[in-house]
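As structure tokens, the structure follows; a few thoughts come after it.
Numbered from 1 within each chain, the chains take letters A, B, ... in sequence-line order.
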Amino acid sequence: MTRELWKGNEAIAEAAVRAGLEAYFGYPITPQTEILEYLSRRMPELGRAFVQAESELGAINMVYGAACTGVRVMSSSSSPGMSLMMEGMSYIAGTEIPAVLVNVMRGGPGLGNIAPAQGDYNQAVHGGGHGDYHNIVLAPASIQEAIDLTALSFDLAEKYRMICMIILDGSIGQMMEPAQMLDMRPIQRKDWDWATNGKMGKRERRVLSSIYLDPAQEEKMNLRLLSRWKTIQREEVRYKEYFLDDAEFVIVGFGTAGRVALSAVRQAREKGIKVGLLRPITVSPFPAEAIEQLVGRVSGFLVTEMNSGQMLEDVRLAVKGRVPVEFYGRMGGVVPFTEEIMHEIERITTSKLSATSNPREEWYERMVGMR
Amino acid sequence: MATAISNNLVYERPKGFTETPTHYCPGCTHGVAHHLIAEVLQEMDLIEKTIGVAPVGCSVFAYNYFDTDFVEAPHGRAPAMATGIKHVLPDRIVFTYQGDGDLASIGMGEIVHAAGRGENLTVIFINNANFGMTGGQMAPTTLPGMKTTSSVKGRDVETQGFPIRMAEMLATLDGVSYCVRRSLHDPKNIRLAKKAIRMAFETQARGLGFSMVELLSTCPTNWGMTPVDALKFVEEQMVPAYPLGDYKVAASVAEIKI
Ligand SMILES: Cc1ncc(C[n+]2csc(CCOP(=O)(O)OP(=O)(O)O)c2C)c(N)n1
Ligand code: SF4
């Protein structure tokens with residue numbers, strides 16, 4: 001097992017190549033541009049497709065077209081670019097075809113900045129494009145995880161014929177860490193029974209479209225998507241637990257916010273504070289059941305995010321007001337320090353918390369006071 | 001009076017067509033354009049390896065009529081989808097079929113860049129000077145003074161801008177190999193249109209680059225005209241505004257003999 005030093009963005013690009021990526025379409029935007037640059041060299045040298053599109057709109061629709069033929073396709077972008085891809089994502093969902101998208105999130109809204117953030121959680125997890133659909137969304141917290149989840153994303157996308165999105169923040173995209181790269185997998189073009197790759201004298205024609213003019217048919221299609229989603233909620237939830245066995249308080253955080261929280265948890269443990277961490281890897285489907293199971297055992301939760309409490313609402317839904325849920329978030333590209341989360345741990349373990357308080361409001365008051 | 005019935009079949013449904021009846025209004029030339037494409041695909045023996053990309057517009061259901069694989073694009077994005085398909089399956093024939101709202105309005109970016117990149121694709125562009133499907137609003141191709149539901153007093157170029165001539169514009173791009181405008185208003189012009197469509201597919205089949213045929217078409221329903229008057233409108237009003245002709249024929253394409 002050889003571990004090499006990999007930069008997050010390039011690791012994702014190479015992992016995709018080794019997982020059988022046959023076509024990449026993208027448009028530059030910081031902090032994910034290295035994915036595009038890396039693949040602009042790597043794909044042609046392997047005789048695979050690479051196009052620098054004229055925009056994210058162009059890129060996502062190139063993905064859409066290529067995905068219709070049944071090959072492994074990917075695009076990547078960062079927050080403003082992802083917004084532009086939402087139209088195509090909705091069409092891909094409606095057409096029920098697989099594709100992989102990577103969002104290396106930055107500070108927003110609007111043009112914002114290029115610092116690491118997690119403000120696109122709601123867009124990725126709770127919608128984005130028009131209509132009633134879900135995406136599988138994976139959130140790595142290390143370069144190794146980014147590599148492994150990239151490979152997994154193609155399998156999941158194909159298995160369920162839907163978009164699998166990887167969301168990470170700029171710091172994971174930009175940092176370097178030792179990691180083990182995947183082995184190169186041979187390209188296996190599968191003979192999907194839905195792919196529009198030309199009749200070639202072998203079969204009847206196929207059509208891929210997302211049109212269901214008859215509302216009853218559209219509803220049927222929506223129900224089909226939903227029933228698939230129920231299977232995914234049952235079978236594809238992934239998360240990591242740290243120090244949960246005897247934990248009295250549990251932090252929930254994904255990606256970099258989860259990673260910083262882990263350092264804080266380790267510090268707290270050294271001081272004898274019994275706190276643990278649950279780090280969702282699939283933020284969609286959300287590990288609600290794992291959180292529910294903790295409710296009876298712990299006296300409270302602390303959600304940490306690099307946004308104003310977007311995943312917080314999913315945690316609160318799972319907890320259902322049975323124990324206190326507290327929140328600490330930083331926004332706009334500010335990455336929380338370990339000390340800040342340590343401070344929050346001390347606050348929640350020493351104060352009297354209420355299960356019915358509004359953690360977002362209280363956090364907001366503390367933030368404004370801090371200014 | 002007895003007439004001799006000839007045993008010679010002179011005309012039949014092209015093999016490039018399915019048996020689905022089209023949904024177009026009476027007198028609409030979308031159907032004519034479809035027919036020409038189906039004939040060309042049959043004549044060139046391309047049906048088996050063709051993948052079509054349908055637009056959003058009245059021809060949104062084009063995928064029901066051609067006996068080839070088909071995908072349905074978001075409004076305006078057909079050239080990007082076609083690019084994606086062609087890059088993973090370069091040996092297939094990929095064509096888009098797009099209206100003027102689709103290609104010249106919302107999809108202006110996608111068409112210009114697919115052409116600029118010189119994608120080896122064929123684009124069939126139906127210019128009927130309005131948005132047909134949504135009920136006849138002004139398009140970028142609507143003639144000055146022409147009444148539509150969103151230019152009720154006639155398009156006023158002072159406030160509503162000028163028509164955009166796509167064939168002329170795209171012909172300026174180095175990536176374009178074959179770019180012509182034809183019309184569907186009478187049998188002679190229909191025959192010329194078919195020849196152009198054939199040339200466009202030949203261009204792609206030989207790997208010579210981007211090809212587009214713009215076809216002046218009718219929309220009797222939204223123009224509020226009889227089919228015959230609509231054809232007259234194309235001849236008398238549209239042809240002068242959108243001159244027919246070859247805007248770009250690359251040397252390599254000019255050598256093709258069909
Ligand atoms: C994003 C988006 N915007 C608007 C529409 C509504 N729409 C459907 S068809 C159309 C115009 C199509 O006109 P054209 O391309 O000229 O084709 P025609 O119907 O005239 O053949 C519009 C605006 C849509 N479907 N999607
Ligand atoms: S509305 Fe116009 S373009 Fe559409 S089918 Fe009818 S005549 Fe043709």
Side-chain angles (χ1 to χ4, degrees), chain A residues 21-25 27 43-44 47-73 75 86-92 94-95 97 99 129-130 187 189 194-211 213, chain B residues 15-18 20 23 41 45-56 60-94 96 106-119 121:
Chain A
L21 180 70
E22 283 200 69
Y24 172 91
F25 309 95
Y27 185 79
M43 296 295 275
R48 305 184 189 179
F50 169 91
V51 179
Q52 178 172 327
E54 68 276 18
S55 67
E56 289 83 356
L57 267 176
I60 189 69
N61 285 287
M62 291 175 195
V63 165
Y64 185 13
C68 286
T69 71
V71 306
R72 293 196 155 183
V73 201
S75 185
M86 290 297 147
E87 176 199 59
M89 289 174 66
S90 169
Y91 276 80
I92 291 171
T95 309
I97 51 167
H130 59 284
I187 293 217
R189 274 204 187 166
W194 49 263
T196 47
N197 45 11
K199 301 197 296 175
M200 306 306 279
K202 291 185 300 204
R203 55 166 173 80
E204 294 291 293
R205 79 199 186 95
R206 289 181 188 147
V207 171
L208 283 172
S209 114
S210 58
I211 303 177
L213 278 191
Chain B
K15 295 250 171 359
F17 261 162
T18 65
T20 315
H23 69 287
L41 292 179
D45 197 17
L46 293 177
I47 293 163
E48 294 298 318
K49 60 186 233 180
T50 293
I51 303 163
V53 186
V56 173
V60 65
F61 291 129
Y63 58 70
N64 284 330
Y65 310 136
F66 294 96
D67 192 20
T68 66
D69 274 8
F70 239 94
V71 297
E72 168 56 45
H75 196 24
R77 320 288 180 230
M81 275 189 89
T83 298
I85 298 169
K86 192 75 185 188
H87 277 258
V88 293
L89 299 173
D91 62 336
R92 307 297 201 271
I93 296 294
V94 182
T96 74
I106 192 170
M108 182 63 97
E110 285 72 18
I111 191 65
V112 169
H113 287 279
R117 287 190 301 267
E119 297 292 347
L121 300 168

Quiz item: Given a strict heavy-atom distance threshold of 4.5 Å, which part of A:Arg72 is in contact with chain B: side chain, backbone, both, or neither?
Solution: neither
Quiz item: In terms of heavy-atom pairs under 4.5 Å with chain B, which of A:Lys202, A:Arg203, A:Arg48 leads?
Solution: A:Arg203
Quiz item: Does B:Asp45 CG have over 12 foreign heavy atoms under 6.0 Å away?
Solution: no
Exercise. For A:Gly65 and B:Ile85, work out which heavy atoms get closest and say how close.
Key: O-CG1, 3.2 Å
Quiz item: If every non-hydrogen atom of B:Gly84 is compared with every non-hydrogen atom of A:Phe25, which pair is closest and at what distance?
Solution: CA-CZ, 3.7 Å
Quiz item: Tell me, side chain or backbone of A:Val207 under 4.5 Å from chain B's heavy atoms, or both, or neither?
Solution: both
Quiz item: Top residue by heavy-atom pair count (under 4.5 Å) with chain A, among B:Ile93, B:Thr50, B:Val60, B:Asn64?
Solution: B:Asn64
Quiz item: Is any side-chain heavy atom of A:Leu213 less than 4.5 Å from a side-chain heavy atom of B:Phe61?
Solution: yes
Quiz prompt | Contact summary for B:Val88 and A:Val71, nearest pair of heavy atoms | solution = CG1-CG2, 3.8 Å
Quiz prompt | Minimum heavy-atom distance between A:Gly58 and B:Glu110, given as atom pair plus value | solution = N-OE2, 4.2 Å
Exercise. Search all heavy atoms of B:Tyr63 against all heavy atoms of A:Ser209 and return the closest pair with its distance.
Key: OH-OG, 3.5 Å
Quiz item: Does A:Ser55 have any side chain to side chain donor-acceptor pair (under 3.5 Å) partners at least two apart in sequence or in another chain, and if so, which?
Solution: none
Quiz item: Relative to chain A, which of B:Val53, B:Asp67, B:Thr83, B:Thr18 shows the most heavy atom pairs under 4.5 Å?
Solution: B:Asp67
Self-check item: A:Ala59, part contacting chain B, at a heavy-atom distance under 4.5 Å
Solution: neither
Quiz item: Hey, are the side chains of A:Lys199 and B:Asp69 touching, using non-hydrogen atoms and a 4.5 Å cut-off?
Solution: yes
Quiz prompt | Best-contacting candidate, B:Glu72, B:His113, B:Arg77, B:Lys49, against chain A by heavy atom pairs under 4.5 angstrom | solution = B:Arg77
Quiz item: Partners of A:Tyr64 by ring pair (Phe, Tyr, Trp, His ring centres under 6.0 Å), sequence neighbours excluded?
Solution: none
Self-check item: Any A:Met200 side-chain heavy atom under 4.5 Å of B:Arg92 side chain
Solution: yes
Quiz item: B:Val112 versus A:Glu54: any side-chain heavy-atom pair under 4.5 Å?
Solution: no
Quiz item: Do A:Asn61 and B:Met81 come close enough that some side-chain heavy atom pair is under 4.5 Å?
Solution: yes
Practice problem: For each of A:Glu204, A:Glu22, A:Arg189, tally heavy-atom pairs with chain B at distances under 4.5 Å, and name the one with the top tally. | Solution: A:Arg189
